[in-house]
Amino acid sequence: MQDLLFDFISKYVSLTEDEKNIIISLNTFRTIKKGTILLREGQNSNESYFVMKGGIRTYYMIDGEEKTTAFYTEMEALTPHCVVNKAPSEYYISCIEDSIITVSTPEMEVEVFNKFPKFESMCRVLSEEILVKQQINFDEFKTSSPEQRYLNLLQSRPDLIQRVPQHQLASYLGIKPESLSRLRARIIEKNKG
């Protein structure tokens, strides 16, 4: 697993053996079962996550109904709002599959940044990439129909269609599961014609 992490990091900065050993010594890898809730609404946390294998999702509970807002799969990072604003979480984070994730805290990051300033610049670049991606996703969501959202998802994240339960996918797209079934049927019908 650590080789996967080092391959990912090497896209941004080169690592010395010392740096690799320090990353290993942090012992941040966690194996987590599908369905495990990593963060609950109302909880405080200072943990950030990076998905090595598997997937996690964020969702709100509104009137007893789950509203999925995002999925994070291999090589994607998530720092919950509550880590940054030091307030209780407004949403849940749970595993959608058996997963291997790295868990870090702001204190760990400060320690690593002090020892290896190049990690700070790498994290800044990563943060900018994530911010741009989220803005594009938000804009696409706000300006497209449910059918366009589904087609965008098919194109940009086809793995999610297979990996995520239909009710979570429907919630993410902002529609009911029955509507997603009809939408899929319509698209299959169109493609036959």
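Glu47 and Thr105 are not linked by any side-chain donor-acceptor pair at a separation below 3.5 angstrom, with hydrogens and angles left out of the test. Arg184 and Tyr150 are linked by a side-chain donor-acceptor pair at a separation below 3.5 angstrom, with hydrogens and angles left out of the test. Under 3.5 Å, the side chains of Ser48 and Ser104 contain no donor-acceptor pair of N or O atoms. Under 3.5 Å, the side chains of Asn114 and Glu120 contain no donor-acceptor pair of N or O atoms. Under the 3.5 Å distance criterion, with hydrogens and angles disregarded, a donor-acceptor pair is assigned to the side chains of Thr73 and Arg157.
The existence of a salt bridge linking Arg163 and Glu97 is confirmed by a sub-4.0 Å separation between a basic side-chain nitrogen and an acidic carboxylate oxygen. Checked for salt-bridge contact, Glu66 and Arg57 meet the test: a charged N lies under 4.0 Å from a carboxylate O. Salt bridge Lys67/Glu65: present, at least one basic N to carboxylate O contact under 4.0 Å. A salt bridge is absent between Arg124 and Glu109; no separation between the charged side-chain nitrogens and carboxylate oxygens falls under 4.0 Å. In this structure, Arg186 does not pair ionically with Glu189, as no charged nitrogen and carboxylate oxygen lie closer than 4.0 Å.
In plain terms, the two heavy atoms of Phe141 and Tyr172 that are nearest each other are CE1-O, 3.4 Å. The shortest non-hydrogen separation linking Pro177 to Gln166 is O-NE2, 3.3 Å. Nearest heavy atom pair, residue Pro88 against residue Gly42, reads CB-O, 3.4 Å. The two atoms that bring Ile32 and Cys95 nearest to each other are CG2-SG, 3.4 Å, heavy atoms only. Between Ala77 and Phe50, the shortest heavy-atom distance links the atoms CB-CD1, 3.7 Å. Of all heavy-atom pairs between Ala87 and Asn44, the closest is C-OD1, 3.3 Å.
Atom-to-atom distance recorded for Leu180:CG and Glu147:CD is 11.5 Å, nearest 0.5 angstrom. The line from NZ of Lys53 to OG1 of Thr31 is 9.5 Å long, rounded to the nearest 0.5 Å. In this structure, CD1 on Ile130 lies 7.0 Å from OG1 on Thr79, to the nearest 0.5 angstrom.
Between Thr58 and Thr68 the shortest side-chain heavy-atom distance does not fall below 4.5 Å. For the pair Ser94/Ile56, no side-chain contact is recorded, criterion being any heavy-atom separation below 4.5 Å from C-beta on. Ile93 has its side chain out of reach of Ile37: every pair of non-hydrogen atoms, C-beta onward, lies at least 4.5 Å apart. With a 4.5 Å cut-off on side-chain heavy atoms, Gln168 and Phe71 count as touching.
Panel note: side chain Gln162, backbone Asp159; no donor-acceptor pair is recorded below 3.5 Å. Glu74 places a side-chain N or O within 3.5 Å of a backbone atom of Gly54 that can act as its donor or acceptor partner. Put simply, the side chain of Ser156 gets close to the backbone of Asn152: a donor and an acceptor are under 3.5 Å apart. Listed for the Ser89 side chain is a donor-acceptor partner under 3.5 Å among the backbone atoms of Tyr91. Although no hydrogens or angles enter the test, the distance criterion places a donor-acceptor pair under 3.5 Å between the side chain of Asp98 and the main chain of Lys34.
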**Item:** side-chain contact (heavy atoms from CB on, under 4.5 Å) assessment of Leu38 paired with Ile101
**Value:** CA-CA 11 Å; Leu38 300 170; Ile101 60 176; 4.0 Å; yes

**Item:** Stepwise side-chain contact (heavy atoms from CB on, under 4.5 Å) test for Cys82 and Leu39
**Value:** CA-CA 10 Å; Cys82 64; Leu39 179 68; 3.9 Å; yes

**Message:** Show, in sequence, the C-alpha distance, side-chain angles and deciding distance for Asn21 and Thr16, and conclude whether the side-chain contact (heavy atoms from CB on, under 4.5 Å) test is met.
**Reply:** CA-CA 9 Å; Asn21 288 332; Thr16 66; over 6 Å; no

**Message:** Working note: Lys190 + Ile187, criterion side-chain contact (heavy atoms from CB on, under 4.5 Å); need CA distance, chi angles, decisive distance, verdict.
**Reply:** CA-CA 5 Å; Lys190 269 187 200 172; Ile187 291 168; 5.6 Å; no

**Request:** Check step by step if side chain to side chain donor-acceptor pair (under 3.5 Å) holds for Gln135 and Asp139.
**Result:** CA-CA 6 Å; Gln135 187 62 53; Asp139 290 350; 2.9 Å; yes

**Request:** Go through the steps for Glu128 and Lys133 under the test salt bridge (Lys or Arg N to Asp or Glu O under 4.0 Å), then give the verdict.
**Result:** CA-CA 9 Å; Glu128 288 167 2; Lys133 196 163 102 180; over 6 Å; no

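Under the 4.5 Å side-chain heavy-atom criterion for Ile, Leu, Val, Met, Phe, Trp and Tyr, Ile175 and Leu160 are members of the same hydrophobic cluster. Hydrophobic clustering of Ile, Leu, Val, Met, Phe, Trp and Tyr side chains at less than 4.5 Å, counting indirect connections, unites Leu126 with Leu15. Ile96 and Leu173 end up in the same hydrophobic cluster when Ile, Leu, Val, Met, Phe, Trp and Tyr side chains are linked at under 4.5 Å. One hydrophobic cluster, built from ILVMFWY side chains closer than 4.5 Å, holds both Leu151 and Val164. Phe113 and Val103 are members of different hydrophobic clusters when ILVMFWY side chains are connected at heavy-atom separations under 4.5 Å.
Within 6.0 Å of atom CD in Glu140, more than 12 heavy atoms from other residues, nucleotides or ligands are found, so the atom counts as buried in its surroundings. Other residues, nucleotides and ligands contribute only 12 or fewer heavy atoms inside 6.0 Å of the NE2 atom of His81. Gln155 CD: 12 or fewer foreign heavy atoms inside a 6.0 Å radius.
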Considering only distance and modelled atom types, tabulate donor-acceptor pairs under 3.5 Å from the side chains of residues 4-14, sequence neighbours left out.
residue: Ser10; atom: OG; partner: Phe6; partner atom: O; Å: 3.4
residue: Ser10; atom: OG; partner: Asp7; partner atom: O; Å: 2.7
residue: Tyr12; atom: OH; partner: Glu129; partner atom: OE1; Å: 2.8

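For Tyr60 and Tyr92, the gap between ring centers reaches or exceeds 6.0 Å.
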